[in-house]
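These notes concern the structure reproduced below.
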2 protein chains.
Amino acid sequence: MTLDRPPADGGLRDRKKRRTRTALATAALRLVAEHGLDQVTVEEISAAADVSSRTFFNYFPSKDDALVGDQAALNARFVARLAEVPPEVPALAAIRAALGEVVEELQEDRELWLLRMDVVMRNPALLPRLVAAGAEAERAMTDVVAARVGVPADHGFPALLTTVTGAAFRAAALRWAATAGARSLADLVDQAFDTLAAGLPDPGTPEPHPSRTPS
Amino acid sequence: MTLDRPPADGGLRDRKKRRTRTALATAALRLVAEHGLDQVTVEEISAAADVSSRTFFNYFPSKDDALVGDQAALNARFVARLAEVPPEVPALAAIRAALGEVVEELQEDRELWLLRMDVVMRNPALLPRLVAAGAEAERAMTDVVAARVGVPADHGFPALLTTVTGAAFRAAALRWAATAGARSLADLVDQAFDTLAAGLPDPGTPEPHPSRTPS
DNA sequence: ACGAAACTTTGCACAGCCTGCAAGATCGCC
DNA sequence: GGCGATCTTGCAGGCTGTGCAAAGTTTCGT
């Protein structure tokens with residue numbers, strides 16, 4: 001048994017795989033953006049990427065997965081970042097901080113993610129997939145939060161916090177796409193988390209104790 | 001043209017339909033609870049309900065829909081309740097109040113919904129479906145909230161509030177099922193909304209201004 | 001009670017998604 | 001060049017979901 005570790009990046013084989021994967025993903029996004037989710041078959045996507053439809057399923061377990069992207073990897077990195085935030089930081093702020101780094105990654109592939117969010121928005125059947133992709137990672141995240149705040153397992157806070165912040169983040173991302181990236185994703189996420197931290201007050205009702213003028 | 005309005009409830013035909021629908025739904029839940037989502041086919045569910053598999057699709061557009069129930073109807077009633085809450089009530093409290101009435105409905109079919117939530121929890125692929133079922137109603141809800149708080153369409157608050165409260169409610173419902181209904185759903189929802197209104201502080205950190213000794 | 005009209009169930013054909021499996025092509029390394 | 005590992009592809013097949021038309025059932029008027 002040779003047990004050679006194949007070069008993870010430099011090899012020709014690896015480059016080909018990477019190219020095929022992005023070709024499939026971008027072809028899927030482009031076609032679905034133009035014709036709609038139901039009007040595009042896996043066969044058409046595969047043809048656009050010059051591979052067989054069987055190969056498509058070697059790269060993505062389902063048609064939807066090619067569209068929503070590798071959420072699992074994003075989530076894993078997010079959880080890793082979250083674990084690095086000092087434990088004194090309250091959980092909500094910690095999540096916000098860890099999310100900031102994820103946001104930067106999305107900004108790097110700005111066009112891709114804008115298109116992706118646009119496609120998700122126009123094909124609501126995909127929105128659930130965004131949740132599903134994060135479902136497993138959400139459990140991991142719940143564990144991290146539970147350990148951080150030190151509550152018993154039957155306490156609902158960790159699960160509530162993770163699912164609510166996840167929803168807030170998705171809302172910000174969709175809004176980002178809705179405005180075609182006019183405002184930065186970081187801004188929108190910040191604003192959403194500010195609202196969350198303030199207890200979701202009606203806008204225009206800044207303070208429950210209006211003794212000071214809001215900033 | 002006859003234009004007769006068929007009796008919406010009393011007729012034999014209607015009773016049969018109702019029976020078939022619940023037979024399919026309960027058979028689906030029972031079988032999936034026992035064997036898992038992927039191990040149960042539509043044909044098996046239909047056989048258990050003594051109809052053809054083609055008839056199954058006359059009642060439910062997909063296998064999943066038979067399991068998650070008629071979320072759309074629930075949501076519609078919720079939106080109607082929401083519209084009845086006086087406009088002075090802040091949006092978060094208004095949602096909470098409207099949700100209270102929905103919770104009562106779920107309590108009436110307690111066993112059914114506990115089983116349903118249990119199945120969803122054990123088959124995470126269904127969790128997204130809960131969101132999807134509410135997706136359209138969530139837009140309607142967003143509109144109601146926007147009108148209530150009177151913000152421009154490009155403001156993110158209504159969408160944020162609806163998706164976040166939806167997530168909080170689902171979290172409470174799942175927790176309800178996780179504890180087999182030991183605590184009432186109304187209690188769990190109340191607690192989740194209290195936490196939301198408080199800005200999701202860490203438990204054990206009751207006050208943001210620790211000038212007093214924490215309990 | 002009879003029959004027409006409306007509705008429901010069912011079988012059939014079919015498209016699309018997705019999964020094993022095995023054969024063939026390609027790449028990495030000696 | 002040649003061997004082993006990996007990737008691609010075709011094929012067979014099961015399951016989901018839809019359209020269509022035939023057959024069965026309920027409703028309603030006469």
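Throughout, protein chains are lettered first and strands after them, A, B, ... in sequence-line order, and every chain is numbered starting at 1. Hydrogens, waters and symmetry mates play no part in the numbers below; they use all other heavy atoms, side chains included.
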What is the separation between atom [atom1] on [X] and atom [atom2] on [N], rounded to the nearest whole Å?
{"X": "B:Arg18", "N": "C:dT9", "atom1": "CZ", "atom2": "P", "answer": "13 Å"}
{"X": "B:Leu24", "N": "D:dG17", "atom1": "CG", "atom2": "C1'", "answer": "15 Å"}
{"X": "B:Phe57", "N": "D:dC15", "atom1": "CZ", "atom2": "P", "answer": "12 Å"}
{"X": "B:Lys17", "N": "D:dT25", "atom1": "NZ", "atom2": "P", "answer": "17 Å"}
{"X": "A:Phe56", "N": "C:dG20", "atom1": "CZ", "atom2": "C1'", "answer": "18 Å"}
{"X": "A:Asn58", "N": "D:dG10", "atom1": "CG", "atom2": "P", "answer": "12 Å"}
{"X": "B:Lys63", "N": "D:dC15", "atom1": "NZ", "atom2": "P", "answer": "10 Å"}
{"X": "A:Phe60", "N": "D:dC7", "atom1": "CZ", "atom2": "C1'", "answer": "15 Å"}

Expected output is a numbered-order residue list: members of residues 43-55 of chain A with a heavy atom under 4.0 Å from any atom of DNA chain D. What is it?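 Hits under 4.0 Å, by residue number: A:Val51, A:Ser52, A:Arg54, A:Thr55.
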Quick one, which residues of residues 28-42 of chain B touch DNA chain D with a heavy atom under 4.0 Å?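 DNA chain D contact set from residues 28-42 of chain B: B:Val40, B:Thr41, B:Val42.
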Test side-chain hydrogen bond (donor to acceptor under 3.5 Å, both in side chains) on B:Arg129 and B:Gln71; report intermediate values, then the result. CA-CA 10 Å; B:Arg129 285 297 177 132; B:Gln71 293 287 24; over 6 Å; no
Once the angle between the rings of B:Phe60 and B:Phe56 is folded into 0 to 90°, is it parallel (under 30°), tilted (30 to 60°) or perpendicular (over 60°)? tilted
Between N or O atoms, less than 3.5 Å apart, protein on one side and nucleotides 21-23 of chain D on the other: list the pairs.
none

Residues [X], [Y]: salt bridge by 4.0 Å N-O rule:
{"X": "A:Glu101", "Y": "A:Arg77", "answer": "no"}
{"X": "B:Asp50", "Y": "B:Arg19", "answer": "no"}
{"X": "B:Asp190", "Y": "B:Arg96", "answer": "yes"}
{"X": "B:Arg18", "Y": "B:Asp14", "answer": "yes"}

Establish, with yes or no, whether the OP1 or OP2 oxygen of C:dT8 is under 4.0 angstrom from a side-chain nitrogen or oxygen of B:Tyr59.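 No, outside the criterion.
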Side-chain N or O of B:Lys16 less than 4.0 angstrom from OP1 or OP2 on D:dT25? no
Can you tell me if A:Arg110 has over 12 outside heavy atoms packed within less than 6.0 Å of its CZ? yes
So for atom CD, which belongs to B:Gln107, do other residues, nucleotides or ligands contribute more than 12 heavy atoms lying within a distance under 6.0 Å? yes
The test is side-chain hydrogen bond (donor to acceptor under 3.5 Å, both in side chains); show your working for A:Asp65 and A:Ser62 and say whether it passes. CA-CA 5 Å; A:Asp65 284 288; A:Ser62 79; 2.6 Å; yes
Evaluate the side-chain proximity of B:Thr165 to B:Leu161: yes if any heavy-atom separation is below 4.5 Å, no if none is.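 Yes. Closest side-chain heavy atoms under 4.5 Å.
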Below 4.5 Å, heavy atoms only, C-beta onward: do A:Arg81 and A:Leu99 meet side chain to side chain?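 They are not in contact (no side-chain heavy atoms under 4.5 Å apart), so the answer is no.
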Does any donor-acceptor pair link the side chain of B:Arg13 with the base of C:dT8 at a separation under 3.5 Å?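 In this structure, the two groups form no donor-acceptor pair.
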